[in-house]
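Numbers restart at 1 for each chain; the letters A, B, ... are given by sequence-line order, proteins then strands. Remember, predicted model here, so these are calculated numbers, not experimental data.
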Amino acid sequence: MELRLYDTLRREKRPFTPLDPARVRMYVCGPTVYDFAHIGNARPVIVFDVLFRLLRHLYGAANVAYVRNITDVDDKINARAAEEHPNLPLNEAIRIVTEKTERQFHEDVDALGCLRPTVEPRATEHIAEMKTLIERLVAAGHAYVAEDHVLFAVASMPDYGRLAKRSLDEMTAGARVEVAPYKRDPMDFVLWKPSKLGEPSWPSPSGIAAPGRPGWHIECSAMSWKHLGETFDIHGGGVDLVFPHHENEIAQSRCSFKTPVMANYWMHNGFLQVEGEKMSKSLGNFVTINEELDSWGGSVLRFNMLKTHYRQPIDWTQAGLKESGREISRWAEAIQHDLEVDESGRDAIVEALADDLNTPEAITRLRGFYRNRDFAALSAGMRFFGISIGVESIQGRKHKRLYVEPGQYTITGQPVLLKVIRDDGSVVEIDKDSKQKIEQLVDARNAARKAKNFNEADRIRDELHAMDIELEDNKDGTTTWKVKR
RNA sequence: GGCCACGUGGCGGAGUGGUUACGCAACGGUCUGCAAAACCGUGUACCCCGGUUCAAUUCCGGGCGUGGCCUCCA
């Protein structure tokens, strides 16, 4: 099976050939840990998890290295720490914020069905590597010291801008960058900068006396080097990172190591909007993964994300989630009756994904298995896709949307009381007493039906209907009830 | 202003130089005491204008629209 991937650098889809099949190497830009991750952050995490699973399948789980960094040094972190813990020393406050956020991030992405990367390096643990790179760049004439900063000289790299497809002239023309007097070129970017008093700081490289801290881009060059080498196979992230972040990573790494490439395949997921609008705190439509997990199970969120090809823009809507939830619930109910696994289901998914992660096509194939009642294949395919069907993966933490079967009083073995948020937003809660009453009425109706007293049976149906309960008479003679949508 | 994407049926969303994507919703039917569920079936879409071609939704050019980047941002 040939894997084909789209490479942003060349703007084309082409066969994937790893540098070393015994060690396939992928680096993805991870979170800056200062706040809950939002649903837009979830996109690359999910997309590259799918790629990770695919690579593990094709090359062997032990032969794939997936590095996703954790950025724990950043102005936003400092600001958040000072705000939340004004009475603590800044560095201690920072540690509290970053540890808490990191834990939260892991909980969130675990719930989304994502495997942990092979390595999750922290920026603050790679200061030494960053300084080594910086000193190399200065020594080679690609960077210079100015007013306790170290800056990368973009003019020293002939094809700077190739990833973003824009020339230095174009960029300088529309320059809205900070005009720092010590920059040789307006596009030069910071590798190292002095720390203010109280801020995290480390001894500076390149003979700078004042303590300082790294610029934003250098950490990824340092960590990918440390854990994957001077060049590696795949580098991923969101499209918004193409410029300047990835462009600058390329500049740093290639000029440090004198290599023609940093990574052979650059992959970027598309942007996400919420209900047709850009997600922003000012618009009040900022959606965190954590909040979404209250309303929808991780599998629903994951499925909803993968319904759209990773390079396409995606509009994240409640209507779409509702549709996804309905479809996944049906599959989950079907699979419960069939615990066997047919690996041909997995192979069909692998085949679809091998074409530049064509997840919509993979889902189309899963739908085919469902339609043909090939639940063993469906089960295998979903498993490969990372979609699990436990109650907690299907339902949100707060809302219970599946029906219970009377008499069993369970959803897949878990005792549960129902709380349903209906389509119109109203809430129906089923407690022990109302459940008992419902079941009494159901029994009474079935007795009436048995006696062919259909007027009475219909009257009871209406009575339950008024309580927002709908009945379904199953083929096997049982009656199921559920809360009206 | 510069650069980069995207624009498919009511909605979501693949794909293709000429043949039904698929799913949701809708409608029709089967089944059912009723109803629901389930199952079967129906729908002929590809922003606009040019060009290339025997043939374009699919390639090329232009326009319009939306979004992203150029400043922290997945």
Side-chain angles (χ1 to χ4, degrees), chain A residues 8 11 28-32 34-35 37-48 71 74-77 79 161 163-167 169-178 186-187 189 216 236-247 268-273 276-281 303-304 306-315 317 319-327 330 333-334 352 355 358-368 370-371 373 403 445 448-450 452-455 457-459 461-462 464-465 470-475 479-482 484-485:
Chain A
T8 305
R11 315 268 160 178
V28 174
C29 291
T32 300
Y34 72 103
D35 201 354
H38 61 245
I39 198 65
N41 295 310
R43 171 112 101 144
V45 175
I46 293 172
V47 163
F48 291 104
T71 298
D74 182 271
D75 286 341
K76 291 192 292 290
I77 297 173
L163 181 72
K165 252 190 164 181
R166 53 181 100 173
S167 71
D169 289 346
E170 285 166 0
M171 287 186 278
T172 312
R176 285 202 262 160
V177 289
E178 183 192 356
M187 296 310 295
F189 58 92
W216 174 35
V239 267
D240 54 327
L241 291 182
V242 171
F243 194 90
H245 186 54
H246 289 164
E247 191 72 57
H268 295 95
N269 60 272
F271 212 73
L272 177 146
Q273 285 186 280
E277 289 187 306
K278 182 187 168 94
M279 178 166 55
S280 74
K281 282 177 177 163
F303 182 77
N304 195 249
L306 296 176
K307 279 206 299 194
T308 302
H309 182 82
Y310 77 93
R311 282 192 278 117
Q312 291 291 111
I314 185 170
D315 189 11
T317 65
L321 285 164
K322 197 178 288 183
E323 192 176 306
S324 296
R326 224 169 266 196
E327 190 163 14
R330 280 179 197 172
E333 287 176 41
D355 179 20
N358 194 337
T359 54
E361 170 62 23
I363 288 171
T364 294
R365 293 177 183 210
L366 292 177
R367 286 168 176 160
Y370 176 75
R371 191 170 356 99
R373 310 187 69 75
Y403 64 86
R445 173 171 165 276
R449 289 171 69 210
K450 213 166 203 170
K452 306 263 187 213
N453 185 354
F454 295 122
N455 282 342
D458 288 347
R459 191 197 61 74
R461 175 190 283 286
D462 289 344
L464 282 163
H465 200 73
E470 284 183 345
L471 300 184
E472 292 178 15
D473 295 327
N474 303 313
K475 283 218 159 124
T479 297
T480 307
W481 61 268
K482 64 182 179 187
K484 213 160 54 172
R485 283 189 182 275

Partners passing ring pair (Phe, Tyr, Trp, His ring centres under 6.0 Å) against H245(A) (at least two apart in sequence or in another chain): W216(A), H217(A)

Interatomic distance where CD1 belongs to I363(A) and P belongs to rG15(B) [whole Å]: 13 Å

Minimal non-hydrogen separation, A457(A) against A448(A), with atom names: N-CB, 4.0 Å

R326(A) side chain, from C-beta outward: closest of rA74(B), rA25(B), rC39(B): rA25(B)

Which residues share a side chain to side chain donor-acceptor pair (under 3.5 Å) with S324(A), sequence neighbours left out: N304(A), K307(A)

Atom-pair distance (CG on L321(A); P on rC24(B)), nearest Å: 16 Å

Between C1' of rC3(B) and NE2 of H246(A), the distance in whole Å: 18 Å

Value in whole Å for how far the P atom of rC39(B) lies from CZ of R373(A): 6 Å

Atom-to-atom span, CZ of R166(A) to P of rA5(B) - whole angstrom: 11 Å

Are any protein N/O atoms closer than 3.5 Å to N/O atoms in nucleotides 31-37 of chain B? If there are, list each pair with its distance.
{"from": "rG33(B)", "atom 1": "O6", "to": "R445(A)", "atom 2": "NH2", "distance (Å)": "3.3"}
{"from": "rG33(B)", "atom 1": "O6", "to": "R449(A)", "atom 2": "NE", "distance (Å)": "3.4"}
{"from": "rG33(B)", "atom 1": "N1", "to": "D458(A)", "atom 2": "OD1", "distance (Å)": "2.9"}
{"from": "rG33(B)", "atom 1": "N2", "to": "D458(A)", "atom 2": "OD1", "distance (Å)": "2.8"}
{"from": "rG33(B)", "atom 1": "N2", "to": "D458(A)", "atom 2": "OD2", "distance (Å)": "2.4"}
{"from": "rC34(B)", "atom 1": "O2", "to": "R461(A)", "atom 2": "NE", "distance (Å)": "3.2"}
{"from": "rC34(B)", "atom 1": "N3", "to": "R461(A)", "atom 2": "NH2", "distance (Å)": "2.8"}
{"from": "rC34(B)", "atom 1": "N4", "to": "R445(A)", "atom 2": "NH2", "distance (Å)": "3.4"}
{"from": "rC34(B)", "atom 1": "N4", "to": "D473(A)", "atom 2": "OD2", "distance (Å)": "2.3"}
{"from": "rA35(B)", "atom 1": "N1", "to": "D473(A)", "atom 2": "N", "distance (Å)": "3.1"}
{"from": "rA35(B)", "atom 1": "N3", "to": "R461(A)", "atom 2": "NH2", "distance (Å)": "2.8"}
{"from": "rA36(B)", "atom 1": "O2'", "to": "E472(A)", "atom 2": "OE2", "distance (Å)": "3.3"}
{"from": "rA36(B)", "atom 1": "N1", "to": "D473(A)", "atom 2": "O", "distance (Å)": "3.3"}

Pairing residues for Q273(A) by the side-chain contact (heavy atoms from CB on, under 4.5 Å) criterion, not counting sequence neighbours: D315(A)

Under-4.0 Å side-chain N/O to phosphate OP1/OP2 contact, R11(A) with rC4(B): no

Gap in Å between the two C1' atoms, one belonging to rC47(B) and one to rG65(B), rounded: 8 Å

Results of side-chain contact (heavy atoms from CB on, under 4.5 Å) for K278(A) - residues two or more places apart only: F271(A)

Distance test, side-chain N/O of R371(A) to OP1/OP2 of rG23(B), below 4.0 Å: yes

Rounded distance in Å between the C1' positions of rG51(B) and rU8(B): 22 Å

Touch class at under 4.0 angstrom, heavy-atom based, for K278(A) against every strand present: sugar-phosphate

Spacing of H268(A) atom NE2 and T8(A) atom OG1 [to the nearest 0.5 Å]: 5.0 Å

Sugar-phosphate only, base, or nothing, as touched by A164(A) at under 4.0 Å among non-hydrogen atoms: sugar-phosphate

Sugar-phosphate, base or nothing in reach of G237(A), heavy atoms under 4.0 Å: sugar-phosphate

Test side chain to side chain donor-acceptor pair (under 3.5 Å) applied to T71(A) - qualifying residues, sequence neighbours left out: N69(A), E219(A)

Between C1' of rC73(B) and CG of D75(A), the distance in whole Å: 13 Å

Candidates rA74(B), rC22(B), rC72(B) - which lies nearest the side chain of N41(A): rA74(B)

Inter-nucleotide C1' distance (rG9(B), rG23(B)), Å rounded: 13 Å

Separation of the C1' atoms in rA45(B) and rA56(B), to the nearest angstrom: 15 Å

Secondary-structure stems for RNA chain B, with pairs counted as Watson-Crick or G-U when both distances are under 3.5 Å and runs at least 3 long: B:1-7 with B:64-70, B:10-12 with B:22-24, B:26-30 with B:38-42, B:47-51 with B:59-63

Set of side chain to side chain donor-acceptor pair (under 3.5 Å) partners for H38(A), sequence neighbours left out: N41(A)

Ring centroids of F271(A) and rG67(B) base under 5.5 Å with planes under 30°: no

Whole angstrom value for the distance that separates P of rG7(B) from CZ of R311(A): 11 Å

Sugar-phosphate only, base, or nothing, as touched by R43(A) at under 4.0 Å among non-hydrogen atoms: nothing

Rounded distance in Å between the C1' positions of rU57(B) and rU44(B): 13 Å

H268(A) (side chain) and rA74(B) (base): donor-acceptor pair under 3.5 Å: no

Heavy-atom pair of closest approach, residues T359(A) and T308(A): OG1-O, 3.7 Å

Spacing of the C1' atoms in rA21(B) and rU16(B) (rounded, Å): 10 Å

Approximate separation, where rounding is to 0.5 Å, of L241(A) CG and H246(A) NE2: 4.5 Å

Pairing residues for D75(A) by the side-chain contact (heavy atoms from CB on, under 4.5 Å) criterion, not counting sequence neighbours: N78(A), K193(A), R213(A)

Salt bridge (Lys or Arg N to Asp or Glu O under 4.0 Å) against R449(A), all qualifying residues, sequence neighbours excluded: D473(A)

Partner residues of R330(A) under the side chain to side chain donor-acceptor pair (under 3.5 Å) criterion, sequence neighbours left out: none

Footprint string (nucleotides 8-14 of chain B, 5' to 3'): B base within contact, S backbone only, - free, heavy atoms under 4.0 Å: ----BSS

Whole angstrom value for the distance that separates P of rC70(B) from CG of D240(A): 8 Å

C1' atoms of rG43(B) and rC48(B), separation to the nearest Å: 26 Å

Which atom of E361(A) lies closest to which atom of A352(A), heavy atoms considered: CG-CB, 3.7 Å

Same-atom distance (P) from rC6(B) to rU58(B), integer angstrom: 14 Å

